[in-house]
Asks: 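Take a look at the following structure, please.
In what follows, every heavy atom counts, from backbone to side chain, and hydrogens, waters and symmetry copies are set aside.
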Amino acid sequence: MAKNLLIVESPAKAKTINKYLGKDFQVLASYGHVRDLKPKEGAVDTEHDFAMKYEVIERNEKHVDAIAKAAKAADDIYLATDLDREGEAISWHISEILKERGLVEGKRMHRVVFSEITPKAIKAAVAEPRQLSHDMVDAQQARRALDYLVGFNLSPVLWRKVQRGLSAGRVQSPALRMIVEREEEIEAFVAREYWTVEAQLKHPDADFSARLTQLNGKKFEQFDLTNEADAMAARAALKEAAHGRLTVSEVGSKERKRRPAPPFTTSTLQQEAARKLGFSTSRTMKVAQGLYEGVSLGSEGNVGLISYMRTDSVALAEDAVVELRQLIARDFGAKALPDHPQAYKSKAKNAQEAHEAIRPTSAMRTPREVASFLNDEQRKLYELIWKRTVACQMIHATLNTVSVDFALPDASGGPAAFRATGTTVIDPGFLAVYEEGRDQKNAEDDDEGRRLPRLAKGEQVALADILADQHFTEPPPRYSEASLVKALEEYGIGRPSTYASIIQVLLNREYVLLDSRRFKPTDVGRAVGKFLVQHFTRYVDYDFTAKLEDELDAVSRGEEAWVPLMERFWQPFKQQVDEKTESVDRSEATGARELGTDPKSGKPVSVRLGRYGPYAQIGDKDTDEKLQFASLRPGQSMHTITLEQALELFKLPRKLGQAENGDEVSVGIGRFGPFVKQGSTYASLKPEDDPYTIELPRALQIVAEKLEMLANRVIQDFGNGVQVLNGRYGAYITDGEKNARIPKDTEPKDLTEAQCLELLAAAPVKKGRFAKKTAAKKTAEKKAPAAKKATTKKAPAKKAAAKKTAAKKTATRKAAAKKTAAKSSGD
């Protein structure tokens, strides 16, 4: 057995490191976090200094046992999890588990960190271990406790006031607020008309255009021409004054330098991968993780190709810079090298400068050399990281911008002028390797690469035409993944390691959806976002969230204790939760809207958020015994739907006519979407079918297809619950509780009952929640005949007892809430 045990987080990393350390080391993986808070109320004890109750994560129990077994035989234990707070916390949890099991006495425990998985970095880390940083562990524990307390206390408020099953996160909620507020800006935006004027010029060397910059003796601004009549009048006056030519009044030339972007941080990598590769943030991090942990390079074995990918630092190791400069001199020439290495400083608050930027572990491993060992996504991301890192140590690009002004001094109404600009690259410098992407283009981007003919002051250029173009101002764009990450970083919300998970949580909870790769809030997301802004303003405030991140950073540096931080957060938060639980009206919380009055009934029409999504309602529950309901159509929002659009929804269900057998045929929308009904048969409409316009022949065709499918589903029925059925993935045998595959060489229609029973007996038991439901249903069916009589007799008594219990629980909840509110206000 090896004398030394080294523990990392992932098996891929363990495999790469194992070959670097030799037979004296055993390298095992924890498979991420090994312990977490118990998933029930009270796991953070707010009455006793926020003591936290942990348990081993079930899926990782076997990995923890393997670590414990190896630790028992080892002399030295090296905790080599990631170098951020999460990694520090994982190392601490492992050490605590080993202490609880009595496996550390007489052994030496070391903490080692490295930012790249290379033989040099691993051996250096093992040679210079340190102790666990309890300040970093405290910061991670405080973050986990905060997230737990917010989730366990705020989510039930959302269940009661908005919709069951919702949840609120401490960091996700401000991100949701950003997306919702941007959507509201877009909806409130009123487009303004404006016109631009451009001269089309002909020159022997090249045709080009010039923008109007002066009109009627004044600088021409965007909204100087706001309608077609004025634009056409200006165009006619300019054409008349020009007499077919424009005269050069001024020629200007300016040389400027553009400096390379710094090497990648987590945030900038996610942004650039989204812009240039179309990767989601989670995809970027997954691919980067694989490149960091190691990729097999043939005879070299597993090699870590990039440094640690969760960082907000733009610093580079000295030996990395030396290697980069050697590569640049070799491949691009000495002229591409600046006199001194380029140094960068992070703009991010609380950047951990002790870390490194994301870079190749060896710049000498060019994308071309490793491409054959990488899959397509790995190749693209590695090339992006390699190019950005190489470019950051290259000389600046030198650009020349030429501007040419054309004067029309005799134009009616006052002097006018046009300007043409163009930018050419004198020395590409770092642009020979890499250019940073942008979310939105500007005028400078349009001019770049545009070369103007050589012109001199006083020269006349032929005018081909003057064009006036209509435009409308556009609302701010919805957030893309890149721009949302950038905004989160600018506001100081979350840490580099959390951006991908923030976005994924919002998508998984269906608070937002991606529409043309831009975030659009759903009605549920808007309801949650607006509820939190209105009633928990402080906790979704950008500055408050950023300040809390600053305080957590201070804890990680040992400048602040974590328990006082928790107390400052907890007391006012709990008081507000108790108050809002009692005071907020559900209709207000869900964003219900009154749209107007139904012309047929004279009753109010409103839109609301229900258990299964947004719906329209005719009538008032307080005054009307019978209310009418209709689900909103896909793409409709309760925040933008009009009265006319809502009334259209109540045209369903529609009666289409009768089938040949006399069954009535109708179409409607149910819980599972649009459907057509013939007699007692229901069939879902296809995506291309519209329930509001579908006609009888098409509806009958859909029902016929459903009936044919049902008829063909049963291949054999033995009358005892055992059937041979056609399923989604082919034929199979079932008895209602278990399913069995049919051997490849066997015809389903030729199976005997005995063969089916034999195959069912050998089949595995169904797993998961559906299996449990099936088993419970079967059990209930068996018990039903015997219990039916007794149940009938006991039903009234049970009903009364249930009412009494519910009333008692409600009274207890109210009393507890009052008691807590009184205690909080007293504090």
Side-chain angles (χ1 to χ4, degrees), residues 191-258 397-429 431 435 437-438 440-474:
R192 294 180 65 184
E193 180 183 5
Y194 69 98
W195 290 71
T196 57
V197 179
E198 192 173 83
Q200 301 290 307
L201 297 161
K202 295 184 72 67
H203 190 276
D205 293 340
D207 296 344
F208 61 99
S209 61
R211 297 188 296 270
L212 183 67
T213 57
Q214 187 180 19
L215 182 66
N216 299 330
K218 296 178 182 178
K219 184 179 179 180
F220 183 70
E221 303 285 357
Q222 184 180 28
F223 293 110
D224 284 350
L225 295 175
T226 58
N227 58 72
E228 185 176 10
D230 290 348
M232 292 304 148
R235 174 177 179 265
L238 291 166
K239 284 188 76 171
E240 185 179 350
H243 299 295
R245 67 181 68 84
L246 290 180
T247 303
V248 177
S249 58
E250 197 71 49
V251 177
S253 178
K254 184 179 180 182
E255 194 172 282
R256 61 189 175 89
K257 297 174 180 177
R258 187 193 291 180
T398 305
L399 309 173
N400 184 48
T401 300
V402 176
S403 61
V404 181
D405 290 321
F406 300 88
L408 281 172
D410 302 324
S412 61
F418 290 87
R419 172 173 289 181
T421 55
T423 300
T424 55
V425 178
I426 297 173
D427 182 352
L431 290 176
E435 184 172 8
R438 292 190 181 98
Q440 290 180 287
K441 284 192 172 186
N442 53 33
E444 187 179 291
D445 296 322
D446 294 332
D447 293 336
E448 197 141 306
R450 178 183 179 192
R451 187 184 292 272
L452 295 176
R454 188 178 293 277
L455 296 165
K457 187 174 180 178
E459 186 176 346
Q460 292 188 337
V461 183
L463 176 68
D465 200 0
I466 291 178
L467 305 177
D469 292 316
Q470 183 187 41
H471 307 273
F472 291 91
T473 54
E474 295 183 356

Asks: Would you say that Ile426 contacts Glu255 through its side chain, given a criterion of any heavy-atom pair below 4.5 Å between the two side chains?
Replies: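 A side-chain contact exists here, since the closest heavy-atom pair is under 4.5 Å.
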
Asks: Could you report the tightest heavy-atom contact between Ser412 and Ala237, atom names first, then the distance?
Replies: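 Looking at all heavy atoms of both residues, the closest pair is OG-CB, 3.6 Å.
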
Asks: What are the two closest heavy atoms between Gln214 and Pro415, and how far apart are they?
Replies: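 Answer, listing the atom of Gln214 first, then Pro415: CG-O, 3.8 Å.
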
Asks: From Lys218 NZ over to Thr213 OG1, what is the distance, rounded to the nearest 0.5 angstrom?
Replies: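 Interatomic distance, Lys218 NZ to Thr213 OG1, rounded to 0.5 Å: 15.5 Å.
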
Asks: May I have the step-by-step check of side chain to side chain contact (heavy atoms under 4.5 Å, CB included) for Leu212 and Leu238, ending in yes or no?
Replies: CA-CA 10 Å; Leu212 183 67; Leu238 291 166; 4.0 Å; yes

Asks: Would you say Leu246 and Leu408 make side-chain contact, with heavy atoms under 4.5 Å?
Replies: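 Touching, per the 4.5 Å side-chain cut-off.
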
Asks: Could you go through the side chain to side chain contact (heavy atoms under 4.5 Å, CB included) check for Asp469 and Tyr194 one step at a time?
Replies: CA-CA 8 Å; Asp469 292 316; Tyr194 69 98; over 6 Å; no

Asks: Tell me yes or no: between the side chains of Thr423 and Thr401, is some donor less than 3.5 Å from an acceptor?
Replies: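 Indeed, the side chains of Thr423 and Thr401 share at least one donor-acceptor pair under 3.5 Å.
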
Asks: Tell me the closest heavy-atom pair linking Ala397 and Pro428, and the distance in Å.
Replies: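 Reported closest heavy-atom pair: CB-O, 3.2 Å.
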
Asks: Report yes if some heavy atom in the side chain of His203 is under 4.5 Å from a heavy atom in the side chain of Leu452; otherwise report no.
Replies: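 Not in contact.
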
Asks: Look up atom CG in Leu201 and atom CD1 in Ile466, then write down how far apart they are to the nearest 0.5 Å.
Replies: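 So the CG of Leu201 and the CD1 of Ile466 are separated by 8.5 Å.
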
Asks: How many angstroms lie between atom CZ of Phe418 and atom CG of Leu215, to the nearest 0.5 angstrom?
Replies: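 Those atoms lie 8.5 Å apart.
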
Asks: Under a 4.0 Å N-O cut-off, is there an ion pair linking Arg258 with Glu435?
Replies: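 Yes, charged N to carboxylate O under 4.0 Å.
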
Asks: If you count the non-hydrogen atoms of other residues, nucleotides and ligands that lie under 6.0 Å from CD in Glu240, is the total more than 12?
Replies: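 Atom CD in Glu240 is not crowded, with 12 or fewer foreign heavy atoms closer than 6.0 Å.
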
Asks: Would you mind reporting whether Leu455 and Phe208 have side-chain heavy atoms less than 4.5 Å apart?
Replies: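 Sidechains of Leu455 and Phe208: in contact.
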
Asks: Quick one: are Leu467 and Gln200 in side-chain contact, heavy atoms under 4.5 Å?
Replies: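 When only atoms from C-beta onward are counted, Gln200 and Leu467 do touch, with a gap below 4.5 Å.
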
Asks: Is Arg192 close to Phe472 at the side-chain level, that is, under 4.5 Å between some pair of heavy atoms?
Replies: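 Counting from C-beta outward, Phe472 and Arg192 never come under 4.5 Å.
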
Asks: Could you report the tightest heavy-atom contact between Gln222 and Thr473, atom names first, then the distance?
Replies: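 Heavy atoms of Gln222 and Thr473 come nearest at NE2-CG2, 4.3 Å.
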
Asks: Looking only at heavy atoms, what is the nearest atom pair of Pro453 and Ala206, with distance?
Replies: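 Heavy-atom minimum between the residues: CG-O, 4.0 Å.
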
Asks: Above 12 or not: heavy atoms from other molecules or residues under 6.0 Å from CD of Glu474?
Replies: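 Atom CD in Glu474 is not crowded, with 12 or fewer foreign heavy atoms closer than 6.0 Å.
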
Asks: Report the C-alpha distance between Leu463 and Phe406 in whole Å, list the side-chain angles of each, state the deciding distance to 0.1 Å, and finish with yes or no for side chain to side chain contact (heavy atoms under 4.5 Å, CB included).
Replies: CA-CA 11 Å; Leu463 176 68; Phe406 300 88; over 6 Å; no

Asks: Between Asn400 and Lys254, is the side chain to side chain contact (heavy atoms under 4.5 Å, CB included) condition met? List the steps.
Replies: CA-CA 6 Å; Asn400 184 48; Lys254 184 179 180 182; 5.7 Å; no

Asks: State, with a plain yes or no, whether a side-chain heavy atom of His471 is found less than 4.5 Å away from one of Thr196.
Replies: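 With C-beta onward as the side chain, the pair touches.
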
Asks: From Lys457 NZ over to Asp405 CG, what is the distance, rounded to the nearest 0.5 angstrom?
Replies: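 Result: 10.5 Å between the selected atoms.
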
Asks: Which heavy-atom pair separates Gly458 from Thr247 by the least distance, and what is that distance?
Replies: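 Nearest heavy atoms, Gly458 then Thr247: O-CG2, 3.7 Å.
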
Asks: Tell me whether Asp224 contacts the main-chain N or O of Glu221 through its side chain, where contact means a donor paired with an acceptor under 3.5 Å.
Replies: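 It does hold such a pair.
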
Asks: If we ignore hydrogens and angles and just use 3.5 Å, is the side chain of Ser209 paired with the main-chain N or O of Ala199 as donor and acceptor?
Replies: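 The answer is no, because no donor-acceptor pair under 3.5 Å joins these two groups.
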
Asks: Out of curiosity, Ser249 OG to Arg419 CZ, how far, rounded to the nearest 0.5 Å?
Replies: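 One gets 9.0 Å once the value is rounded to the nearest 0.5 Å.
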
Asks: Give a yes-or-no answer on whether the side chains of Glu193 and Gln470 include a donor-acceptor pair shorter than 3.5 Å.
Replies: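 Yes, a side-chain donor-acceptor pair sits under 3.5 Å.
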
Asks: Does Arg235 come within less than 4.0 Å of Asp465, counting only side-chain N to carboxylate O?
Replies: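 Here Arg235 pairs with Asp465 in a salt bridge, since their nearest N and O are under 4.0 Å apart.
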
Asks: Would you compute the distance between atom CZ of Phe220 and atom CZ of Arg211 and round it to the nearest 0.5 angstrom?
Replies: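 CZ of Arg211 is found 11.5 Å from CZ of Phe220.
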
